[in-house]
Amino acid sequence: MIHDRAIYAERRRAFMSKMERGVAVFRAAPVAVRSHDVDYPYRQDNDLLYLTGFAEPEATCVLAPGTEFPFTLFVRPRDKEKEIWNGIRAGVDGARQAYRADAAYPIEELAERLPKMVEHAPVLYFAPGRDVAFNQRMMDLFAWARDNRARSGAGPRGVLDPGTLLHEMRLFKSAEEVGALERAIAIAAEAHTAAMRETRPGLFEYEIEALVDYTFRRRGGSGPAYPSIVASGHNATILHYVENDRRMDDGDLLLIDAGAEWGGYCADITRTFPVGRKFSDRQRALYEVVLASQEAAIATVKPDVAFDAPHKAALDVLVDGLIEHGLLTGTRDAAIESASYRTFFMHRTSHWLGMDVHDVGVYHVGDGPRALAPGMVLTIEPGLYVPPDCETVDAGWRGIGIRIEDDVLVTEDGGRVLSAAVPKTVAAIEALRTEA
Ligand code: GLY
Ligand code: MN
Ligand code: MN
């Protein structure tokens with residue numbers, strides 16, 4: 001977590017400087033019930049977290065630039081009894097002192113105070129979120145303020161999405177954010193390397209999942225940024241396989257897609273390697289295609305290049321490889337035009353990475369893909385997945401699933417691969433497997 005309060009103050013200042021005159025409301029993520037009276041581990045809404053660093057549930061942040069109290073926090077009040085059961089709360093004083101709120105109130109006072117704060121605001125910034133009941137309250141509030149405007153002549157003329165401003169800010173990572181991402185990625189890299197060393201025929205996928213997740217926590221991460229995918233054999237052809245309950249055999253490949261979360265920032269790394277010591281000839285052939293496509297994609301990353309340049313570069317190499325090995329027929333252009341390659345490669349090559357694993361920020365501006373720029377972080381993750389029942393290919397190819405995913409920071413003059421510490425060439429992987 002970024003603890004320097006000045007950083008959050010600067011983010012709020014920057015956000016408010018971009019706002020039209022009005023009021024912005026950010027709601028904490030709701031607590032989610034896992035079953036009966038057990039909740040899922042709490043995770044704060046990333047917009048609220050980005051602006052405040054405040055990680056407790058039942059909170060609301062109101063930003064009102066140009067007023068006496070630009071930053072108001074509504075929070076759970078201190079409560080001796082509840083804190084004994086559920087942990088310490090910052091409370092109203094903590095919100096002011098530790099989180100630098102200009103004003104702070106118990107969350108119970110939100111219903112009474114928020115209308116007054118919004119009543120005369122020319123614009124209301126609010127994005128409907130996962131707290132459905134709160135979305136309704138905001139709609140009711142807007143309807144009330146709208147009626148009022150008829151009489152008073154003041155009040156919100158509309159509701160705007162704060163994400164159009166805030167998510168542009170989140171898309172460009174500051175030095176502190178890059179530092180947090182590097183930390184998350186270093187932890188994930190250690191976990192992947194440990195998994196690559198410890199995997200053995202006869203182990204179950206969940207044993208390797210346990211090693212991966214153990215490494216995340218052991219190194220101070222908050223846990224996996226998304227459920228760790230540990231997919232051996234045919235399971236690797238299921239993109240979001242999370243059962244992780246199969247016994248691994250010699251001759252299988254193992255695909256691990258796992259990233260630690262550290263300080264609210266996500267790693268997202270995939271490696272695919274043999275459960276035994278060596279790739280089979282067919283596994284190696286496809287692996288080399290995916291690796292070449294990934295390297296071609298990474299090589300395109302630099303400022304002013306279109307966001308989809310890595311995807312296009314990866315696709316050319318993947319399609320050429322599929323044709324070369326007889327999994328596709330015809331020409332590259334025809335395969336791309338007809339999308340016949342989608343039998344084997346059905347996802348995109350990149351997404352933004354940050355506080356969310358599929359991070360915020362638009363991919364298109366106007367009618368084209370946006371240009372990459374320094375400070376953006378994206379994944380590069382081509383793959384090939386031969387369906388186990390694919391009758392158009394030789395049986396020897398069926399059930400092979402391979403993905404290679406790295407996290408890349410766009411720099412002034414190119415791209416820096418933040419996850420380069422995990423082996424990915426055939427020689428490096430086989431050396432590690434043999435040594436292990
Ligand atoms: N782990 C999710 C993804 O790679 O996009
Ligand atoms: Mn991934
Ligand atoms: Mn990814």
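Remember, it's a predicted structure, so these values are computed and weren't measured experimentally. Sequence positions, counted from 1, serve as the residue numbers for this chain. As the structure lists them, so they are numbered: ligands from 1, and atoms in each ligand from 1.
Side-chain atoms of D252 and H234 include no donor-acceptor pair closer than 3.5 Å.
Remark: R370 fails to qualify as a cation-pi partner of F307 under the 6.0 Å distance and 45° angle criteria applied to the six-membered ring.
The atoms of ligand 1 that sit less than 4.0 Å from any heavy atom of E381 are 3 (C), 4 (O), 5 (O). Listed by atom number, the atoms of ligand 1 under 4.0 Å from E405 heavy atoms are 4 (O). Close approach to Y226 involves these atoms of ligand 1, each under 4.0 Å from a residue heavy atom: 1 (N). Taking every heavy atom of H358 and a limit of under 4.0 angstrom, the matching atoms of ligand 1 come to 2 (C), 3 (C), 5 (O).
Under 4.0 angstrom from ligand 1, there are no non-hydrogen atoms of V357.
Between H240 and ligand 1, no pair of N/O atoms sits closer than 3.5 Å.
Note: F279 and Y287 have tilted aromatic rings, judged against thresholds of 30 and 60 degrees for the angle between ring planes. Ring planes of F345 and H347: perpendicular class, angle over 60° (limits at 30 and 60°). Between Y363 and W352, the ring planes lie parallel to each other; the angle is under 30°, not in the 30° to 60° tilted range.
With the Mn ion (ligand 3) as vertex, E405 OE2 and D268 OD2 subtend 80°, rounded to 10°. Around the Mn ion (ligand 3), the angle linking H351 (NE2) with E381 (OE2) is 80°, rounded to 10 degrees.
Annotation: R398, atom CZ; neighbour count of heavy atoms from other residues, nucleotides and ligands within 6.0 Å is above 12.
Ligand 1 lies nowhere less than 4.0 angstrom from a heavy atom belonging to R403.
Atom 3 (C) of ligand 1 has as its closest protein heavy atom D268 OD2, 3.4 Å.
Ring centroid separation for the pair Y50 and F15 does not come in under the 6.0 Å cut-off.
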